[in-house]
Number of protein chains: 2
Amino acid sequence: MAEMTSMPRERITARQQSILKLIVQEYVASGRPVGSKTLTERYNVGVSPATIRNEMAELELLGFVQQLHTSGGRVPTDHGYRYFVHHLMGSPELPSGDQIMIRHQFRQVEVQLDQWVEFAASVLAETAGTVSIVTAPRTVVARLRHFELISLQPQLALLILVTQESAVRQMMLHLPTVHDQVQLSRVADTLVPRIRGLSSDEIAERIPGTSEVMAWVLEHVVTGLRGLDSVDRTQVRHSGIENILGEPEFAGADAQYVLELLRGGTLLSAVLPALTSGDDVQVFIGDENPADALRRFGVVMASYGIDGEVTGILGVLGPTRMSYWRSISSVRYMARLMSDLMEDLYSA
Amino acid sequence: MAEMTSMPRERITARQQSILKLIVQEYVASGRPVGSKTLTERYNVGVSPATIRNEMAELELLGFVQQLHTSGGRVPTDHGYRYFVHHLMGSPELPSGDQIMIRHQFRQVEVQLDQWVEFAASVLAETAGTVSIVTAPRTVVARLRHFELISLQPQLALLILVTQESAVRQMMLHLPTVHDQVQLSRVADTLVPRIRGLSSDEIAERIPGTSEVMAWVLEHVVTGLRGLDSVDRTQVRHSGIENILGEPEFAGADAQYVLELLRGGTLLSAVLPALTSGDDVQVFIGDENPADALRRFGVVMASYGIDGEVTGILGVLGPTRMSYWRSISSVRYMARLMSDLMEDLYSA
DNA sequence: GATTAGCACTCTCTCAACGGGAGTGCTAAC
DNA sequence: GTTAGCACTCCCGTTGAGAGAGTGCTAATC
């Protein structure tokens with residue numbers, strides 16, 4: 001079964017192709033094994049059930065479909081899905097109406113990274129009709145653009161960091177001594193030009209040789225920047241669990257399992273290494289998944305952002321019996337949209 | 001059934017009380033109707049099953065318990081739960097070990113409102129073992145403390161608002177003309193002292209009579225402040241859906257219903273008007289719920305914050321058959337904790 | 001030679017029947 | 001007032017029959 005991960009090379013006839021296509025479509029829609037008779041009834045293939053049966057038997061021999069029980073209908077194998085995705089599905093593009101609508105919705109949202117990530121997750125879940133997951137983009141290494149100090153109480157200040165990539169972070173800062181807004185502004189005005197454009201490590205080297213407050217502030221600037229270096233767990237959003245609760249595959253306990261996958265980070269850490277930086281969508285079906293925990297699922301993922309600068313990951317997770325057309329077109333479009341948004345933010 | 005919302009006044013004997021208590025506890029734990037025999041087997045009541053049966057018949061007459069089917073075990077009624085909560089449960093307090101642990105965890109989290117709200121939701125879900133919901137605190141009316149302008153691109157700036165209550169909001173600002181950081185800082189320095197302490201409406205009146213950029217900036221300060229006036233939809237967090245997925249009450253489709261309640265805001269808008277500002281936890285059981293949509297659930301809610309200044313709501317939602325002890329103690333403690341955190345922020 | 005009609009067969013799914021188990025109310029004895 | 005015993009009720013898991021859908025095979029047809 002290991003060599004199943006390679007692309008199928010078998011030649012099958014045009015009629016077999018169209019039958020396979022119908023089986024996949026029908027099974028995805030109904031969730032029940034597909035028989036020869038239902039096929040002739042529901043679609044107008046030009047041939048009789050008997051002919052379909054012969055072709056089905058052949059398709060089964062080649063490993064594209066499978067019988068769950070003797071004399072039950074056929075169900076696509078992972079292999080069959082893969083063939084469908086590669087050769088029969090066509091090029092999945094979201095209807096341009098949907099594209100415009102989504103882009104418009106994003107204009108309504110407050111221009112802020114957090115919001116985008118969360119919103120992307122919910123839009124993706126809805127258009128794909130499955131569970132979605134989106135990580136906040138991660139810069140290779142965060143560099144400071146600006147920071148501000150705002151006095152909240154005599155010994156408590158708000159520190160606001162802005163990176164080159166316009167990621168923003170706020171932190172409370174308990175000060176060692178009493179300072180008012182004027183003093184704090186002076187501290188910021190002095191420090192900012194000296195550390196602009198530097199990474200956390202570079203700033204850390206310069207801490208010595210400044211006053212007590214300044215050292216204190218710098219120290220927290222460094223920790224704050226460090227936090228922006230790596231993917232933050234709270235910055236991974238998922239959405240759309242309700243979409244799979246109805247599916248027969250996920251009766252009760254299995255939905256819990258999916259939540260585990262999403263929340264525990266299993267999905268991400270499993271998929272991450274397999275995600276080549278090739279700029280298109282990647283599809284993992286059943287057995288092909290890089291982790292055993294995902295063997296029963298279909299996963300469609302893409303990275304977004306600007307190569308070498310900021311990159312994030314987004315994608316969907318569903319039963320192997322999912323609409324790959326919807327999923328792929330949705331993921332592809334969302335990745336493109338998020339990349340565009342990053343471009344807007346980053347191009348200085 | 002409407003008068004059921006009032007507190008039960010019936011006098012029942014001490015033995016009936018302890019039997020009712022056992023029925024509630026056993027039913028909450030097992031989920032199956034409780035019979036006289038199981039009770040004597042599992043707990044050592046000093047009497048025989050027959051006696052228990054007599055007492056149960058009496059309890060049923062009084063409306064505390066109910067038989068779902070003839071000759072099935074007994075199940076508490078909403079009335080019975082209410083009596084249990086009021087008279088039999090004792091005073092629910094989280095074990096002090098848990099209290100310390102939770103408070104400690106909050107120290108680890110970044111000091112930021114968003115984070116607190118999200119974290120509170122997840123902690124509450126876990127300790128209560130149900131679905132939780134937490135709203136961000138809302139100020140009666142937001143008043144500006146400070147704002148900053150940070151240049152991102154020649155015509156794009158980041159506007160950071162800080163309210164008196166230390167709520168922070170960032171917004172992207174497309175500028176009508178080109179400005180650099182120095183110019184923007186000057187704008188901020190000029191405006192801040194003139195509008196400090198004012199609400200959005202008060203600032204709106206002063207817009208005329210300033211330069212083009214200033215008017216532009218002020219306009220956005222006003223919209224930004226307005227956003228902080230009201231509860232933001234994205235600022236309502238819930239957590240713990242996985243906790244109810246396993247329960248027999250929520251096989252499949254019903255879990256979707258709960259998600260609807262949480263996300264659509266039905267829960268909040270139903271419970272909000274009924275939440276008197278009395279500072280303790282409020283419990284709605286089944287029929288007592290202010291909205292029909294919640295009739296099958298138990299809801300435990302409390303408001304937190306500082307009266308008249310900042311208030312938010314938090315609570316849990318579960319099947320009527322839920323552990324009210326756990327829920328109430330968790331909600332009570334979290335409300336207290338969040339209030340303390342608000343106090344720290346607000347006391348200037 | 002490919003296609004199709006017909007047929008016997010297999011397997012799942014639904015539904016009714018059934019018996020064990022748990023619980024009840026009642027009566028009579030303690 | 002409490003309890004043992006008993007007849008009765010109802011749920012629930014199992015079983016078995018029949019309907020429905022699907023299959024493979026063979027023989028006839030285009």
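The sequence lines fix the lettering, A, B, ..., with proteins before strands; numbering per chain opens at 1. Given the structure is predicted, the values throughout are model-derived calculations rather than measurements.
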TODO: Take the protein atom NZ of A/Lys37 and the nucleotide atom C1' of D/dA19, then report the distance between them rounded to whole Å.
DONE: 13 Å
- [ ] Mind calculating the distance between CZ (B/Arg32) and P (D/dG13) to the nearest angstrom?
- [x] 10 Å
Task: Separation of D/dG1 P from B/Arg53 CZ (nearest whole Å) - done: 18 Å
- [ ] Would you list the pairs meeting side chain to side chain donor-acceptor pair (under 3.5 Å) in which at least one residue belongs to residues 28-37 of chain B, sequence neighbours left out?
- [x] B/Ser36-B/Arg53
Open item on the list: Any non-hydrogen side-chain atom of A/Glu60 less than 4.5 Å from a side-chain atom of A/Thr77?
Closed with: no
TODO: Please tell me which of B/Pro49 and A/Gly72 maps to the more 5' nucleotide of DNA chain D, matching each residue to the nucleotide holding its nearest heavy atom.
DONE: B/Pro49
Open item on the list: Rounded at 0.5 Å granularity, tell me how far CD1 in B/Ile285 sits from CZ in B/Arg82.
Closed with: 4.5 Å
Task: Span of DNA chain C in contact with chain A (heavy atoms, under 4.0 Å) - done: C/dT3 to C/dT12
Task: Pairing residues for B/Gln17 by the side-chain hydrogen bond (donor to acceptor under 3.5 Å, both in side chains) criterion, not counting sequence neighbours - done: B/Tyr83
Open item on the list: Both B/Leu68 and B/Glu55 contact DNA chain D. Which one's nearest nucleotide lies toward the 5' end?
Closed with: B/Glu55
Open item on the list: We want to know whether A/Glu242 and B/Gln256 form a side-chain donor-acceptor pair, criterion being a heavy-atom distance below 3.5 angstrom.
Closed with: no
Open item on the list: Could you tell me how far apart A/Ile52 (CD1) and D/dA21 (P) are, to the nearest whole angstrom?
Closed with: 17 Å
Task: Side-chain N,O (A/Ser36) to OP1/OP2 (D/dG22) below 4.0 Å - done: no
- [ ] Determine whether the side chains of A/Gln25 and A/Tyr43 contain a donor N or O and an acceptor N or O closer than 3.5 Å.
- [x] no
- [ ] Considering just the side-chain nitrogens and oxygens of B/Ser71, establish if one lies under 4.0 Å of OP1 or OP2 belonging to D/dC8.
- [x] no
Open item on the list: Tell me whether the count of non-hydrogen atoms from other residues, nucleotides or ligands lying under 6.0 Å of CD in B/Glu126 goes above 12.
Closed with: no
TODO: Nearest whole angstrom, please: distance from the C1' of D/dG22 to the CE of A/Met56.
DONE: 9 Å
- [ ] Check the distance between D/dA21's C1' and A/Glu41's CD and give it to me in whole angstrom.
- [x] 10 Å
Task: Protein-nucleotide distance (B/Arg15, atom CZ; D/dG1, atom P), rounded to Å - done: 10 Å
